[in-house]
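Take a look at the structure set out below.
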Amino acid sequence: MKTALVFVATLDGKVTKWGDPLVRKWSSKADKDYFRMIWQGSTLIVMGSTTFNAHRVKPSASHYFVVMTSDPAKYKEFEVTGQLEFSDESPAQLSARLDLLDYKYMLLIGGPHIATSFLKEQLVDELWLTIEPRIFGTGGNFAIEDELDIELSLISCEKVNERGTLITKYALLKK
Ligand SMILES: NC(=O)c1ccc[n+]([C@@H]2O[C@H](COP(=O)([O-])OP(=O)(O)OC[C@H]3O[C@@H](n4cnc5c(N)ncnc54)[C@H](OP(=O)(O)O)[C@@H]3O)[C@@H](O)[C@H]2O)c1
């Protein structure tokens with residue numbers, strides 16, 4: 001199983017606009033179409049509790065969603081075993097457990113806290129980054145609050161609209 005980290009960011013690296021969690025307010029139609037496509041094609045999707053609370057997903061027989069939280073009991077009412085689960089496993093424990101299941105990809109859809117905890121432990125294989133031609137100045141980056149030194153290699157880059165939204169894929173080089 002490969003772990004792919006998926007984000008849409010601006011040219012100045014922001015994944016939120018001025019603290020507003022709603023990404024769809026500023027991401028391009030091309031990115032929304034792309035995200036919908038990879039969402040439909042990916043059955044295993046992992047996110048942090050803050051991302052879940054900002055963009056609630058519904059349990060679905062065609063997906064296995066795992067939400068990472070230190071307090072799974074708080075989310076008991078949302079849980080449907082095998083479809084929408086809440087886990088207090090560490091990134092390494094979760095990756096090792098899910099690796100035993102028969103998935104080709106695990107999509108890690110954020111947010112920055114979860115992304116950084118997986119990046120720190122070298123548990124990410126690919127970065128699928130949409131780059132929107134916008135600059136926000138303030139807002140969060142997808143890697144935060146830690147000293148990282150990760151080298152990547154471009155797999156693909158596609159210009160998907162007139163303005164120049166780029167859909168990129170990078171492989172993380174393991175040390
Ligand atoms: N532009 C994009 O592509 C994109 C993608 C995703 C999200 N976002 C934005 O990012 C924001 C949310 O990101 P975020 O970084 O604040 O939150 P997050 O990464 O979604 O969730 C962080 C929370 O997850 C829980 N957690 C469980 N295990 C963890 C671990 N090992 N490491 C870190 N956290 C762990 C903690 O909450 P508890 O333990 O208290 O539950 C923690 O506060 C939202 O505004 C969202 O819209 C943007």
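In each ligand, atom 1 is the first atom listed, and ligand 1 is the first ligand listed. None of the values given here were measured: they were computed from a predicted structure.
The closest non-hydrogen atom to atom 47 (O) of ligand 1, taken over S27, G110, P21, P72, comes from P21.
The contact set between ligand 1 and M68, taken as ligand atoms under 4.0 Å from a residue heavy atom, comprises 24 (O), 25 (C), 26 (N), 27 (C), 28 (N). Ligand 1 places these atoms under 4.0 Å from at least one heavy atom of S117: 30 (C), 31 (N), 32 (N). Counting the atoms of ligand 1 from 1 in the order shown, those under 4.0 Å from a heavy atom of P91 are 31 (N). Near G48, meaning under 4.0 Å from one of its heavy atoms, ligand 1 places the atoms 18 (P), 20 (O), 21 (O), 24 (O).
Where the criterion is an N or O separation shorter than 3.5 Å, residue side chain and backbone included, L22 fails it with respect to ligand 1. Considering backbone and side-chain atoms alike, H113 places an N or O below 3.5 Å from some N or O of ligand 1. The N/O atoms of G111, backbone and side chain alike, include one that comes under 3.5 Å of an N/O atom in ligand 1. The shortest N/O to N/O separation between A54 and ligand 1 does not fall below 3.5 Å. In terms of polar-atom proximity, defined here as any N/O pair under 3.5 Å, S70 does make such a contact with ligand 1. Considering backbone and side-chain N/O of S49, one or more are found under 3.5 Å from N/O of ligand 1. Considering both main-chain and side-chain atoms, D71 never comes within under 3.5 Å of ligand 1 through any nitrogen or oxygen pair.
Salt bridge status for R134 with D12: absent, with no side-chain N to carboxylate O gap under 4.0 Å. Between K2 and E126 there is a salt bridge, with a side-chain nitrogen of the basic residue lying less than 4.0 Å from a carboxylate oxygen of the acidic one.
Proximity of A9 to ligand 1, defined as any heavy-atom pair under 4.0 Å, is not found for any part of the residue. Residue V23 touches ligand 1 through its side chain alone, judged by heavy-atom distances below 4.0 Å. The backbone of I109, and not its side chain, has at least one atom closer than 4.0 Å to an atom of ligand 1 (non-hydrogen atoms only; backbone = N, CA, C, O). Residue contacts with ligand 1, taken as heavy atom pairs separated by less than 4.0 Å, do not involve K74 at all. When heavy-atom distances to ligand 1 are checked against a 4.0 Å cut-off, T16 comes that close only through its side chain, counted from C-beta outward.
Defined by atom type and a distance below 3.5 Å, a donor-acceptor pair is missing between the side-chain atoms of E132 and T10. Counted by atom type alone, T130 and D31 present one or more donor-acceptor pairs between their side chains at under 3.5 Å.
Taking the six-membered ring where the residue is Trp, the centroids of F65 and W39 are separated by under 6.0 Å.
Across every non-hydrogen atom of V15 and P112, the tightest pair is CG2-CG, 3.9 Å. The heavy-atom pair separating L84 from V57 by the smallest distance is CD2-O, 3.8 Å.
Classification of the Y75-F52 ring pair by plane angle, with boundaries at 30° and 60°, yields perpendicular.
A distance-only check finds a donor-acceptor pair linking the side chain of T51 to the backbone of G111 [under 3.5 Å].
A distance of 13.0 Å separates CD of E162 from OG of S28, quoted to the nearest 0.5 Å.
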